Amino acid sequence: LEIPTPRWTTIQAAKLGVAPPDVVPATVQERAWSSPIWYTPDAQARKAANMAWLRKAFARAKADNSLGLVLIAHANPGFENFWPPSYLARYFRMFHGTKLPNPLPASAYDDYVRILGEEVESYGKPTALFHGDTHLFRIDKPLFSAKTRRPFENFTRVETFGWPDSHWVHVAVDPANPELFICTAQ
């Protein structure tokens, strides 16, 4: 076992002079993978903590009257799995011989995407999600409102570059621009 060390979130909170997040421990203690005491919280506990963090991030942005909110994650939540049938058909007809699964199988991201949609709808201000995972660079508006079945205009997804296309994304924050976050590939 290594000695407990502060999580990066604890370090960042200290630098910013704010309280560290209360949905994760303030420290981590690394263990060897071969150790019989290796412990990983079960998937439900991790998922509950992640969803609580997501709701708390939006609550904080609302309470602070923030101009916008940026979320960063590793995984691609597969927004396409939640698109209305008309949008899916429009997207998939570009790929000859491709058919949609019917019905779409359940995804581990169902609750995340649902909560993200609820929060983006109630927040109403620019929200950006930066993620990697599939290594395909794109900037789009893939999150749909459950109420209107239309894409949110105030939500932007930026999927970052990955191997073998290693580039970077420049992000500028422009309060005069309704989009707020201006992202360009470099």
Side-chain angles (χ1 to χ4, degrees), residues 21 47 49-186:
K47 188 174 185 177
N50 288 335
M51 290 189 295
W53 170 84
L54 185 59
R55 288 199 187 277
K56 190 172 182 178
F58 277 97
R60 175 76 183 263
K62 291 173 193 173
D64 291 349
N65 197 26
S66 297
L67 294 177
L69 178 64
V70 171
L71 304 166
I72 301 172
H74 170 78
N76 176 352
F79 289 108
E80 297 79 4
N81 293 323
F82 304 93
W83 286 354
S86 62
Y87 208 79
L88 272 173
R90 186 175 91 183
Y91 178 78
F92 277 99
R93 78 170 160 237
M94 294 185 294
F95 307 106
H96 299 291
T98 301
K99 294 188 181 195
L100 298 175
N102 190 10
L104 288 172
S107 163
Y109 298 102
D110 289 354
D111 291 330
Y112 297 111
V113 174
R114 179 184 52 78
I115 289 171
L116 183 59
E118 290 170 4
E119 294 294 340
V120 166
E121 188 124 42
S122 77
Y123 183 48
K125 293 183 180 179
T127 303
L129 171 66
F130 291 81
H131 72 80
D133 202 15
T134 54
H135 298 208
L136 300 171
F137 172 73
R138 58 183 152 183
I139 299 173
D140 59 1
K141 298 197 175 287
L143 183 61
F144 279 71
S145 165
K147 294 177 184 175
T148 66
R149 306 299 286 163
R150 307 237 346 117
F152 285 109
E153 291 299 321
N154 63 315
F155 179 82
T156 302
R157 179 248 305 262
V158 178
E159 186 167 2
T160 60
F161 290 99
W163 183 90
D165 301 315
S166 298
H167 299 283
W168 58 283
V169 178
H170 178 264
V171 181
V173 178
D174 181 359
N177 187 317
E179 291 282 322
L180 187 60
F181 308 110
I182 313 305
C183 306
T184 53
Q186 303 293 311

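Excluded from the calculations below are hydrogen atoms, water molecules and symmetry mates; all remaining heavy atoms, backbone and side chain alike, are included. Numbering of residues begins at 1 and proceeds along the displayed sequence. Keep in mind that what you see is a predicted model, and the values were worked out from it rather than measured.
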*Which class fits the ring pair Tyr109 and Tyr112: parallel under 30°, tilted 30 to 60°, perpendicular over 60°?*
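The rings of Tyr109 and Tyr112 sit tilted, inter-plane angle from 30° to 60°.
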*Angle class for the His131/Phe79 ring planes (parallel below 30°, perpendicular above 60°, tilted otherwise)?*
tilted
*So Val171 and Ile182, side-chain contact (heavy atoms from CB on, under 4.5 Å) or not? Walk me through it.*
CA-CA 6 Å; Val171 181; Ile182 313 305; over 6 Å; no
*Only counting residues at least two apart or in another chain, list the ones meeting side-chain contact (heavy atoms from CB on, under 4.5 Å) with Ala63.*
none
Would you name the heavy atoms of [X] and [Y] that are closest together and state the gap between them?
X      : Y      : value
Asn154 : Val120 : ND2-O, 3.3 Å
Pro175 : Leu67  : CB-CD1, 3.9 Å
Pro126 : Pro178 : CG-O, 3.5 Å
Leu129 : Pro77  : CD2-CG, 4.3 Å
Ala128 : Phe181 : CB-CD1, 3.9 Å
Leu71  : Ala57  : CD2-CB, 4.3 Å

Got a second to check how far [X]'s [atom1] is from [Y]'s [atom2], nearest 0.5 Å?
X      : Y      : atom1 : atom2 : answer
Ser145 : Glu118 : OG    : CD    : 10.5 Å
Leu116 : Asp111 : CG    : CG    : 12.0 Å
Phe58  : Leu69  : CZ    : CG    : 5.0 Å
Asp110 : Asn81  : CG    : CG    : 8.0 Å
Arg55  : Ser122 : CZ    : OG    : 8.5 Å
Ile139 : Arg157 : CD1   : CZ    : 11.0 Å

*Show your working on side-chain contact (heavy atoms from CB on, under 4.5 Å) between Lys62 and Tyr123 and close with a plain yes or no.*
CA-CA 7 Å; Lys62 291 173 193 173; Tyr123 183 48; 3.7 Å; yes
*Is the number of heavy atoms from other residues, nucleotides or ligands within 6.0 Å of CZ (Arg114) greater than 12?*
yes
*Residues, nucleotides or ligands: over 12 heavy atoms within 6.0 Å of Arg138 CZ*: yes
_Could you go through Leu143 and Val113, starting from their C-alpha distance and side-chain angles, then the distance that decides it, and tell me whether this counts as side-chain contact (heavy atoms from CB on, under 4.5 Å)?_
CA-CA 8 Å; Leu143 183 61; Val113 174; 3.9 Å; yes
*Classify the side-chain pair Thr156/Lys141 by whether it contains a donor and acceptor separated by less than 3.5 Å.*
yes
*Do Phe152 and Phe144 have their ring centres less than 6.0 Å from each other?*
no
*So do Val169 and Thr184 actually touch side chain to side chain, heavy atoms under 4.5 Å?*
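Of all side-chain heavy-atom pairs linking Val169 with Thr184, none is under 4.5 Å.
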*So do the side chains of Trp83 and Pro142 get within less than 4.5 Å of each other, counting heavy atoms only?*
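In short, these two side chains touch, coming nearer than 4.5 Å.
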*Could you walk me through whether His167 and Gln186 pass the side-chain contact (heavy atoms from CB on, under 4.5 Å) test, one step at a time?*
CA-CA 6 Å; His167 299 283; Gln186 303 293 311; 5.9 Å; no
Can a donor-acceptor pair be found, under 3.5 Å and without considering hydrogens, that links the side chain of [X] to the backbone of [Y]?
X      : Y      : value
Asp133 : Ala75  : no
Asp64  : Ser66  : no
Thr127 : Lys125 : yes

